[in-house]
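Note sheet for the following structure.
Along the sequence shown, the residues carry numbers beginning at 1.
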Amino acid sequence: MKTIQFILAVLGLSLFFTSCEDFLTYDKYGEPANDNFWKTAADAERAADGLYFWLGEDGIVGRGFMHYYNCSDDIVTGRTQAGCAAMKNFIADYSRDVVDNWPVMYQLIKRCNDMILNVPAMEISEDVKNKALGQAYFFRAWAYFWLAPYYGDNGENGGIPIVEPGLDIEEMDVPRAASVRENYAYCINDFKKAAELLPGFKEWGESQYGRPHKTACWAYIAKVALWDAQYDASSYATVVEYCDKVIHSGAHALVSDFRALFSPSNNYSPEYLFSFPSSAISGSILPGVMLENKGWGEYNG
């Protein structure tokens, strides 16, 4: 009898410690961290989807830099607003949500850097890996190019900071690039990498329209080179080269009826290269810079 009691006691202790071990072993929940992320194809796709967070930021796709259209000849803000009036006269004004662009773009760069650092080592299909990395390289270049013309020059100010992947927090406060031309060269290099990795527009499939694609990368290389050409005329050759690549790609053509471009059914017409994917909930509200303050709701000027 004592033997049986002893055996039962040992079994009970064994079950107790096994239960404790199971109880103390758990998967982490909440926001993903590096030690429980970057494992599956779904993780890579989720990280890529996270690169589009800025589409809900009014300071980016709403007004923000769009206020600088006030500097043009035929667009004005549709309401009396001191900050916009200043920008119309080429006076920088930071009272408006134009200030949102700097922090949000560097958040985007950080997300791209995390992907560029972690995705290559993931054991996932080459197709998923290439699409994820292609989007990361594209949006890193896009973010730098979104800021560089406004905050950088080839003079006393120099370019904007280039933050490389893998830096510790205390290392991220990097100095400005010596010239904005360094930023443009960096952007072109990233757009070239993205073009090598990304599929063509149609190859994405209709449900994925709005993501960057190969010819969009080439078009942006031409656009960045055009900005750089103000400092070095030899960059015009790059402009021509990559415009020709887009034109002769066979993926694009002019729409025969110009009026048709303004129909929602032609959002992704043969002329389409890249835009802010928008919906009734979020996306570009550029008309908010231009329409009169008379009943347009959130689109008022």
Margin query: Centre-to-centre under 6.0 Å for Phe138 and Phe191, is that the case here?
Written below: yes

Notebook entry, point to check: Once you round to the nearest 0.5 Å, how far does OH of Tyr106 lie from CG of Asn101?
Noted result: 12.5 Å

Next item on the list: Measure the CG-OH distance between Leu226 and Tyr184 for me, rounded to the nearest 0.5 Å.
Entry: 10.0 Å

Check: Can the ring centroids of Phe201 and Phe274 be said to lie less than 6.0 angstrom from one another?
Finding: no

Item checked: Main-chain N/O of Val163 paired to Asn113 side chain as donor or acceptor, under 3.5 Å -> yes

For residues 254-265, dump all side-chain donor-acceptor pairs below 3.5 Å to protein atoms at least two apart in sequence or in another chain.
from, atom 1, to, atom 2, distance (Å)
Asp257, OD1, Arg259, N, 3.1
Asp257, OD1, Arg259, NE, 3.3
Ser263, OG, Ser265, N, 3.3
Ser263, OG, Ser265, OG, 2.8

Check: Do Tyr231 and Val239 belong to the same hydrophobic cluster, where Ile, Leu, Val, Met, Phe, Trp and Tyr are linked whenever their side-chain heavy atoms lie under 4.5 Å apart, directly or via other members?
Finding: no

Next item on the list: Just do the ring pair (Phe, Tyr, Trp, His ring centres under 6.0 Å) check on Trp54 and Trp142 with the steps written out, would you?
Entry: CA-CA 12 Å; Trp54 50 271; Trp142 187 89; 4.7 Å; yes

Next item on the list: Without swapping roles, check the side chain of Asn118 against the backbone of Asp114 for a donor-acceptor pair under 3.5 Å.
Entry: yes

Note to self: When you measure from the side chain of His252 to the backbone of Pro270, do you find a donor-acceptor pair of N or O atoms at a distance under 3.5 Å?
What the structure shows: yes

Note to self: If you count heavy atoms of other groups shown closer than 6.0 angstrom to NZ of Lys110, is the number above 12?
What the structure shows: no

Next item on the list: Answer yes or no: are there more than 12 heavy-atom neighbours, outside Glu156 itself, under 6.0 Å from its atom CD?
Entry: no

Margin query: Ring of Trp204, cation from Lys131 - is the NZ or CZ under 6.0 Å from the centre and inside 45° of the axis?
Written below: yes

Margin query: Would you say Tyr186 and Glu164 are linked by a side-chain donor-acceptor pair, where the criterion is simply a distance under 3.5 Å?
Written below: yes

Next item on the list: Measure the spacing between SG of Cys187 and OH of Tyr144 and express it to the nearest 0.5 Å.
Entry: 8.5 Å

Check: What class does the angle between the rings of Tyr272 and Tyr268 fall in, given that below 30° is parallel, 30 to 60° is tilted and above 60° is perpendicular?
Finding: perpendicular

Check: Crowded around Glu171 CD? As in, over 12 foreign heavy atoms under 6.0 Å?
Finding: yes

Notebook entry, point to check: Atom CZ in Phe145, atom CD1 in Ile160: separation rounded to 0.5 Å?
Noted result: 11.0 Å

Margin query: Can a side-chain donor-acceptor contact be found between Arg176 and Tyr151 if the only test is distance below 3.5 angstrom?
Written below: no

Item checked: Distance under 6.0 Å and angle within 45° of ring axis: Arg111 vs Phe53 -> yes

Margin query: Going by side chain to side chain contact (heavy atoms under 4.5 Å, CB included), name the residues that satisfy it together with Asp173, two or more places apart in sequence or in a different chain.
Written below: none

Next item on the list: Run through His213, Glu45, Arg211 and flag the one making a side chain to side chain donor-acceptor pair (under 3.5 Å) with Gln135.
Entry: Arg211

Margin query: To the nearest 0.5 Å, what is the distance between OG1 on Thr40 and CD on Glu123?
Written below: 12.0 Å

Item checked: Exam field: side chain Asp153 to backbone Gly158, donor-acceptor pair closer than 3.5 Å -> yes

